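Notes follow the structure.
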Amino acid sequence: MTLSIDLSDEELEKILLGDRGKDLLMEKVFNQILQAEMTEHLGADRYERSEGRSGHRNGSYERELTTRVGQLTLEVPRCKDGSFSTKLFERYQRSEKALVLALMEMVVQGVSTRRVKKITTELCGREFAKSTVSRLTKRLDEQVKAWDEQVKAWDERPLEGEYPFLVLDAMHVKVRRQGGVRSTAVLLAVGINEEGQREILGLHTALSETEEAWKSFLTNLSKRGLTGVEHVTSDRDRGLKEAIRQQLPGVIWTPCHAHLRRNVLDDTPSEWRDSMKDLMDEVLKASSQPEAWRIFEEIIEGDRQKMVTVVGDEGQTEEVDAYSKLREEAAPALATFKDNLEDATAVLALPGKYRRRLRTTNMIERLIEEVRRREKVIRIFPNIDSAWRLIGAVLAEKHEEWSTGRKYLDMTEFRNWKERAKSSESELDESTERQPVIAT
């Protein structure tokens, strides 16, 4: 038997997306425990006909309880003869920390009837009968099943239309598995459809972020209908890059510029990092890929300079060529930049208005930050399914907000660009067909 919390759609949205998520969750649990305690006291549930009934309910009264997570308003039940009394409030102060963890476990994983009895005994100072706990968990179990079905339906929905732009990234969460707490990967995909709307396409949990995990995720997205992808942005993970190459052949792939910049700057002496930023700006913001290479080669060969003023050890100033200093003191950083320049400038094939938003994974990283705000109160998930359940619920809500909100990109210029590209391909094919065959 498992336990969840009986929540309406509106309450669930407030818990997951609102600022009082933990408060509302604790209120729901406390109020249900109080009702269960009253049922035990009277020997019968609300409206239940029973020969063993010792009295009747007489409404409830509100009581405020101050906790570390906020002010809770609880509905304490009353019976007609006034004999009901709860020890929950005095016991709570000594078990607050354990309760917060237990509540999250109840929502995320579900716990056994035995565990529920233990929790309620610790909170209320008395033990409920097994039948009382079973009635409570039976009612609540239906809600968690419905929650799972809603997240599953969203995560397995058919993907309709084309998604020209795809952004891929992963987050890592702590999960109890294999006898310990282990890092577990949650792979995420965001698509921008042909109308310019952002959609969260799905998530995939895996033991680690491997090539096989990404292949499995991308294969599943393709089976659901992912098509029309022209450009993919992701980090530079080799497994992910290979999975993209195999599962999405022919797409333009751009490694995240923000990640690349950080890696290059890590290998740059601190006093020359500002100059390295300027160098990367010059190259990566070029008008085209050939132009980017031309600028970079001019810098490497000493044909392009950037004069800066530096202060010597004794306070004297002098003008030096920053790019010359980078060649001397940041050779490993320049090598890293050069090794990734071909892929990093691939985004320059797109019309200019789309480059800024598609050259980094910042969009999906902000989404991950949003998930973290909800996930951090749990800290450690009890199993992989619980991580999928909570993160999936948050993503489903965010997907609805994105897909029904304002357009992320105006796709008119992209459609024109694509038509021109098709025309050029067609002309090239015709030209090839007209080439004379030279006999040998």
Side-chain angles (χ1 to χ4, degrees), residues 165-172 185 188 190 209-211 214 231-245 251-311 319-350 352 354-369:
F165 304 134
L166 184 65
V167 184
L168 302 173
D169 206 348
M171 63 183 295
H172 293 81
L188 306 173
V190 171
E209 192 180 350
T210 63
E211 178 182 331
W214 279 110
H231 181 275
V232 180
T233 311
S234 73
D235 64 26
R236 296 185 299 130
D237 178 81
R238 290 184 180 179
L240 173 52
K241 181 179 179 180
E242 182 61 21
I244 293 170
R245 187 187 69 81
V251 301
I252 301 170
W253 174 69
T254 298
C256 175
H257 285 193
H259 292 174
L260 175 59
R261 285 171 177 270
R262 283 196 292 268
N263 292 338
V264 171
L265 291 175
D266 285 344
D267 290 335
T268 304
S270 58
E271 62 268 28
W272 296 108
R273 285 178 182 167
D274 286 342
S275 297
M276 182 63 82
K277 290 178 184 178
D278 293 338
L279 183 153
M280 290 189 286
D281 282 343
E282 275 204 75
V283 175
L284 296 177
K285 294 181 180 179
S287 60
S288 66
Q289 192 173 57
E291 175 71 5
W293 272 109
R294 185 185 64 78
I295 294 172
F296 181 73
E297 288 170 355
E298 287 180 357
I299 292 172
I300 294 301
E301 293 171 5
D303 296 332
R304 180 180 288 250
Q305 296 181 332
K306 182 176 180 59
M307 304 306 295
V308 297
T309 302
V310 298
V311 180
E319 294 288 314
V320 300
D321 177 15
Y323 290 162
S324 175
K325 289 293 185 181
L326 288 175
R327 291 194 298 271
E328 295 172 6
E329 302 186 27
L334 288 174
T336 297
F337 188 57
K338 181 178 180 180
D339 289 344
N340 292 276
L341 187 56
E342 187 71 22
D343 290 326
T345 54
V347 71
L348 299 179
L350 296 175
Y354 304 105
R355 297 172 186 175
R356 183 177 64 84
R357 286 183 166 175
L358 297 177
R359 67 190 177 198
T360 72
T361 58
N362 289 351
M363 176 214 315
I364 205 167
E365 289 186 1
R366 285 192 289 269
L367 176 64
I368 290 174
E369 290 176 3

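What you see below is based on every heavy atom in this structure, not just the backbone, and it leaves out hydrogens, waters and symmetry mates. These numbers were taken from a predicted model, which means no experiment stands behind them.
Classification of E282 and R304 as a salt-bridged pair holds, one side-chain N sitting under 4.0 Å from a carboxylate O. A salt bridge links D343 and K241; the closest N-O separation between the charged side-chain nitrogens and carboxylate oxygens is under 4.0 Å. Under 4.0 Å is where a charged nitrogen must lie from a carboxylate oxygen, and between R294 and E298 at least one such pair does. Using a 4.0 Å cut-off between charged side-chain N and carboxylate O, E369 and R366 make no salt bridge.
E211 and A243 make their closest contact through O-CB, 4.0 Å (heavy atoms, listed as atom of the first residue, atom of the second, distance). Between L240 and L168, the shortest heavy-atom contact is CD1-CD1, 3.9 Å. Residues D235 and W253 come closest through the heavy atom pair O-CZ2, 3.5 Å. Taking all atoms of both residues into account, the shortest heavy-atom contact from T268 to A333 is OG1-CB, 3.3 Å.
By the 30° and 60° cut-offs, the orientation of the rings of H231 relative to F165 is perpendicular.
At most 12 non-hydrogen atoms from other residues, nucleotides or ligands lie less than 6.0 angstrom from CZ of R238.
Judged by distance alone, the side chain of T254 and the main-chain N or O of V347 form a donor-acceptor pair under 3.5 Å. Looking at T233, its side chain does come within 3.5 Å of a backbone N or O of L358 through a donor-acceptor pair. At distances below 3.5 Å, not a single donor-acceptor pair connects side-chain atoms of R359 with backbone N or O atoms of H257. One N or O on the side chain of S288 and one on the backbone of E291 form a donor-acceptor pair closer than 3.5 Å.
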Run the side chain to side chain contact (heavy atoms under 4.5 Å, CB included) check on W214 and E209 step by step: do they pass?
CA-CA 7 Å; W214 279 110; E209 192 180 350; 3.2 Å; yes

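Within the 4.5 Å cutoff, the side chain of V251 has heavy atoms near those of the I244 side chain. With contacts defined as side-chain heavy-atom distances shorter than 4.5 Å, the pair L334/I300 qualifies.
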